[in-house]
K.L.:
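This is the structure I want to talk about, given as structure tokens.
From a predicted model like this one, the values you see are computed outputs, not experimental measurements.
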Amino acid sequence: MSGNTVTPPHASPHTDSRTPTRAARELGLKRREFDLAVHLGQIRTVPDEGGGGRRVLAAEIDRLRARPGFPEALRDSVRAVGTGEAAAILGVPATRFTRLARQGVMVPVTFYLNRYRAVVWLYLAEELRQFAADESSAALLTARTPEPMRARLAAGLDLRPRNWRGRHLGFLLRQADGPWQRAGALARFLDPVQIAEIVRDPYERSHLNRFRPAPVGHSAPGTPAAHLVEKLTTADDPDEIGWLRSDLARTLDEARAHHPAPRPAMMPRPAEAVQPPARDARPDHPGRTDPQDRAPERKSRGLLARLLRRSA
């Protein structure tokens with residue numbers, strides 16, 4: 001018997017795969033770094049055939065481990081920094097960096113809530129280095145802030161939540177395996193009232209919610225932190241809401257054509273009570289007579305016999 005392992009023809013190609021936690025450990029990443037690498041498309045995942053989330057093939061781990069500079073290069077590509085470090089990379093004061101980020105010049109890659117429930121936005125260090133090296137960025141980093149930007153800042157405009165939502169939506173759409181999953185990704189950023197207006201069928205709405213990704217973060221449901229995260233992840237700009245609604249309606253049409261939402265089996269109507277057919281007074285067969293029909297005949301025959309005996 002040879003030492004080669006023969007894979008049965010029916011074996012799944014995903015059999016040799018890892019859970020996210022194990023894959024992160026084998027790649028030398030913290031779990032948050034691993035998740036970010038997946039979001040950025042640097043680590044490819046496959047759906048778990050058992051319905052337990054996503055997994056990483058062993059071949060994908062081998063591919064990443066064979067790249068030059070592993071694991072430092074991989075870890076550096078997903079390094080996310082806060083405002084202080086980001087400003088230092090760009091060589092500007094933290095206040096100037098914050099103004100640029102609020103105006104959408106820098107797009108956050110993730111966020112978390114600190115112990116005071118303040119939102120801490122994080123940015124990719126690699127993207128910041130590329131921005132600093134771009135000559136066209138010099139004016140934004142050194143010159144006076146343009147007047148239109150100052151007016152928007154004075155009005156309180158903050159594009160960081162919306163820009164993060166757009167970036168995260170792109171990740172969810174890349175991970176989607178079908179039209180219902182894509183519809184669920186779009187619905188993730190709309191409030192329930194908006195969804196109910198678009199998806200009026202309760203069975204479709206229930207089916208859509210199955211594919212609506214869970215909220216980001218690990219806050220317990222119903223807590224102030226969870227409410228804050230829900231607010232950050234829900235579209236609030238009319239323009240953003242408009243295109244999300246439009247894309248959701250179009251994607252739902254594709255999902256319905258691909259596979260309609262399941263509905264409960266129709267209950268059969270209760271069968272009407274079957275009444276036994278009324279017996280006909282007449283016999284069904286001409287050769288058979290009913291006992292009641294023969295009674296007058298017996299009486300007539302008995303009377304005739306008595307009369308004959310008297311005559312005799």
Side-chain angles (χ1 to χ4, degrees), residues 20-21 23-43 64-65 67-146 149-150 152-154 156-172 174 215-219 224-225 228-229 231-233:
T21 300
R25 185 168 59 250
E26 293 185 7
L27 292 172
L29 298 174
K30 297 177 182 178
R31 181 55 193 270
R32 188 167 66 179
E33 294 173 331
F34 172 86
D35 291 341
L36 185 54
V38 172
H39 289 193
L40 296 172
Q42 298 189 27
I43 300 177
L64 294 167
R65 291 173 66 91
R67 293 172 61 179
F70 177 86
E72 289 78 10
L74 177 60
R75 192 179 301 119
D76 189 58
S77 67
V78 295
R79 181 169 168 253
V81 298
T83 298
E85 289 186 73
I89 292 174
L90 296 181
V92 298
T95 53
R96 188 180 188 94
F97 175 84
T98 300
R99 290 197 298 268
L100 292 174
R102 287 171 64 93
Q103 293 301 295
V105 176
M106 319 296 175
V107 179
V109 72
T110 187
F111 71 89
Y112 69 91
L113 303 182
N114 63 16
R115 59 179 177 173
Y116 304 107
R117 291 203 296 272
V119 183
V120 179
W121 296 102
L122 299 178
Y123 307 84
L124 274 180
E126 179 62 26
E127 289 182 353
L128 295 172
R129 287 192 290 266
Q130 293 175 2
F131 183 84
D134 191 346
E135 295 181 358
S136 62
S137 306
L140 289 173
L141 298 176
T142 58
R144 178 180 170 87
T145 303
M149 186 178 292
R150 290 203 303 271
R152 291 192 294 269
L153 288 168
L157 180 64
D158 188 351
L159 294 176
R160 288 175 296 182
R162 177 175 178 174
N163 286 342
W164 174 84
R165 289 192 293 266
R167 187 167 203 165
H168 194 64
L169 174 60
F171 157 69
L172 294 177
R174 286 193 301 271
V216 297
H218 305 283
S219 303
L228 179 55
V229 170
K231 182 179 179 180
L232 288 171
T233 58

K.L.:
Return the minimal non-hydrogen interatomic distance between Ser77 and Leu124, and the atom names on each side.
P.N.:
O-CD2, 3.8 Å
K.L.:
Could you state the interatomic distance from CH2 (Trp121) to CH2 (Trp164), rounded to the nearest 0.5 Å?
P.N.:
7.0 Å
K.L.:
Decide yes or no for Leu122 and Leu36: does some side-chain heavy atom of the first lie under 4.5 Å from some side-chain heavy atom of the second?
P.N.:
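Counting from C-beta outward, Leu122 and Leu36 never come under 4.5 Å.
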K.L.:
If I compare all heavy atoms of Ala24 with all of Lys30, which pair ends up nearest, and what's the gap?
P.N.:
CB-O, 4.5 Å
K.L.:
Would a 4.5 Å heavy-atom cut-off, applied to side chains only, mark Leu100 and Leu141 as touching?
P.N.:
yes
K.L.:
What are the two closest heavy atoms between Ala73 and Pro68, and how far apart are they?
P.N.:
CB-O, 3.8 Å
K.L.:
I need the single residue from Leu159, Asn163, Leu90 that forms a side chain to side chain contact (heavy atoms under 4.5 Å, CB included) with Met106. Which is it?
P.N.:
Leu90
K.L.:
For Leu128 and Ala86, work out which heavy atoms get closest and say how close.
P.N.:
CD1-CB, 3.4 Å
K.L.:
Would you say Val105 and Phe131 make side-chain contact, with heavy atoms under 4.5 Å?
P.N.:
yes
K.L.:
Nearest 0.5 angstrom please: Thr98 OG1 to Arg102 CZ, how far?
P.N.:
8.5 Å
K.L.:
So, Thr83 side chain and Ala94 main chain: donor-acceptor pair closer than 3.5 Å or not?
P.N.:
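No; zero donor-acceptor contacts below 3.5 Å.
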K.L.:
Looking only at heavy atoms, what is the nearest atom pair of Met149 and Gln103, with distance?
P.N.:
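Scanning both residues completely, I find the closest heavy atoms to be CG-CG, 3.2 Å.
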K.L.:
Using the salt bridge (charged side-chain N to carboxylate O under 4.0 Å, His left out) rule, pick out the option among Glu72, Glu127, Glu33, Glu85 that qualifies with Arg79.
P.N.:
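Testing Arg79 for a salt bridge (charged side-chain N to carboxylate O under 4.0 Å, His left out) against Glu72, Glu127, Glu33, Glu85 leaves exactly one candidate, Glu85.
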K.L.:
Between atom OG1 of Thr21 and atom CZ of Phe34, what is the distance when rounded to the nearest 0.5 Å?
P.N.:
8.0 Å
K.L.:
From Leu153 CG over to Thr145 OG1, what is the distance, rounded to the nearest 0.5 angstrom?
P.N.:
7.5 Å
K.L.:
Might you confirm whether atom CZ of Arg32 has over 12 heavy atoms from other residues, nucleotides or ligands at distances under 6.0 Å?
P.N.:
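No, because the 6.0 Å sphere around CZ of Arg32 holds 12 heavy atoms or fewer from other groups.
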K.L.:
Take atom CZ of Arg31 as the centre, draw a 6.0 Å sphere, and report whether it contains more than 12 heavy atoms from other residues, nucleotides or ligands.
P.N.:
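Yes, enclosed.
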K.L.:
Evaluate the ring planes of Phe171 and His168, with Trp represented by its six-membered ring, and classify them as parallel (under 30°), tilted (30 to 60°) or perpendicular (over 60°).
P.N.:
tilted
K.L.:
Checking the side chain of Arg167 only, and the main-chain atoms of Val107 only, is there a donor and an acceptor separated by less than 3.5 Å?
P.N.:
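Yes.
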K.L.:
Would you check if Glu126 and Gln130 make a side-chain contact, meaning some heavy-atom pair closer than 4.5 Å?
P.N.:
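They are in contact (side-chain heavy atoms under 4.5 Å apart), so the answer is yes.
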K.L.:
Can you label the angle between the Tyr123 ring and the Phe97 ring as parallel, tilted or perpendicular, going by 30° and 60°?
P.N.:
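The arrangement is perpendicular - the two ring planes meet at more than 60°.
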K.L.:
Rounded to the nearest 0.5 Å, what separation is found between the CG atom of Asp76 and the CZ atom of Arg129?
P.N.:
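If I round to the nearest 0.5 Å, the distance is 4.5 Å.
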K.L.:
Under a 4.5 Å cut-off applied to non-hydrogen side-chain atoms, are Ile43 and Leu27 in contact?
P.N.:
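In contact.
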K.L.:
Output the distance between atom CG (Leu232) and atom CZ (Arg160), rounded to the nearest 0.5 Å.
P.N.:
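Taking CG in Leu232 and CZ in Arg160, the distance rounds to 10.0 Å.
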K.L.:
Ignoring hydrogens, what is the shortest heavy-atom contact between Val216 and Val229? Give both atom names and the distance.
P.N.:
O-CG1, 3.5 Å
